[in-house]
Structure formats: C-alpha cells, structure tokens
Amino acid sequence: NKRGDRFFMAKACDDFTMTIEKGSGSKISNKMVVDKGRKNYKKGEIVGHFEYYNNGELVGKVKVYCDRDLKKAGVFENLKFNIKHLFEHAI
C-alpha cells in the first residue's frame, strides 16, 4: 500500500453560506463528524457531515463524501505499515 491509500479526503457535497451582522462579535466554529465504524469506504459515498456553529449554536450542516475507495486496515496491517515506514524519511 502507498501512504495515500491509507487516507481519504472528505469533501463537501454542497456549499454553505452564512450571513453575520458586522460588529456582532459572532464566534464561528465548525466540527467534522465522520462515520469511523466502517470497514470500507467507497468513492462518492456519504461518510459524515460538517457542522457549523455561531456562538455555540448549530446553524447548519453539510454532508461530506469520500474521494476514493479505501479499505480500513486492521491492527496488524497498521503495525506492519508503521514498522516498514519507520525509517523511510530518516536523515
């Protein structure tokens, strides 16, 4: 496996726009929620959502999808990968 095959990018299905009054002192925050209980991820499949907050209040959600097929590695596969690549970028 290449390192890129071990991760995926979660991409938004739609845009999200929020209008805030100038000088309102709004504190904008966000949170990514991804379904981590899966063993496989398929390209284009909805894998979670992105939440937007204004002063701690949820103001919107956008679904996110997986940008590639990915099989989640088990404990031994992760250990093997980490040992194999331990010295890959060593000086």
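In this chain, numbering begins with 1 at the start of the sequence shown.
A donor-acceptor distance shorter than 3.5 angstrom exists from the side chain of Asp69 to the backbone of Lys43, with no hydrogens or angles considered. A donor-acceptor pair under 3.5 Å is absent between the side-chain atoms of Asp35 and the main chain of Val47, judged by distance alone. Judged purely by atom type and a 3.5 angstrom limit, Asn55 has no side-chain atom pairing as donor or acceptor with the backbone of Ser26.
Residues Cys13 and Val64 have side chains not in contact (no heavy-atom distance under 4.5 Å, counting atoms from C-beta outward). Looking only at side-chain heavy atoms (C-beta outward), Asp14 and Lys63 stay at 4.5 Å or farther from each other. Inter-residue side-chain proximity for Met9 and Arg68 is flagged as met; some heavy-atom pair is nearer than 4.5 Å. Lys61 is not listed as a side-chain neighbour of Phe50, based on a closest heavy-atom distance of 4.5 Å or more.
To the nearest 0.5 Å, atom CG of residue Leu58 and atom CG of residue Asn30 are 11.5 Å apart. A distance of 3.0 Å separates CD1 in Ile20 from CD1 in Ile28, rounded to the nearest 0.5 Å. Atom CD in Glu45 sits 12.5 Å away from atom CG in Asp67 (nearest 0.5 Å). Rounded to the nearest 0.5 angstrom, Glu51 CD and Ser29 OG are separated by 9.5 Å.
Within 6.0 Å of CE on Met18 lie more than 12 heavy atoms contributed by other residues, nucleotides or ligands.
Contact between Tyr65 and Ala12 at its shortest, heavy atoms only, is CE2-O, 3.6 Å. Counting all heavy atoms, side chain and backbone alike, Lys31 lies closest to Tyr53 at CB-CE1, 4.2 Å.
Between Tyr52 and Phe16, the ring-plane angle classifies as parallel under the 30° and 60° cut-offs.
Linking ILVMFWY residues whenever their side-chain heavy atoms come closer than 4.5 Å, directly or via other members, places Met32 and Val62 in the same cluster.
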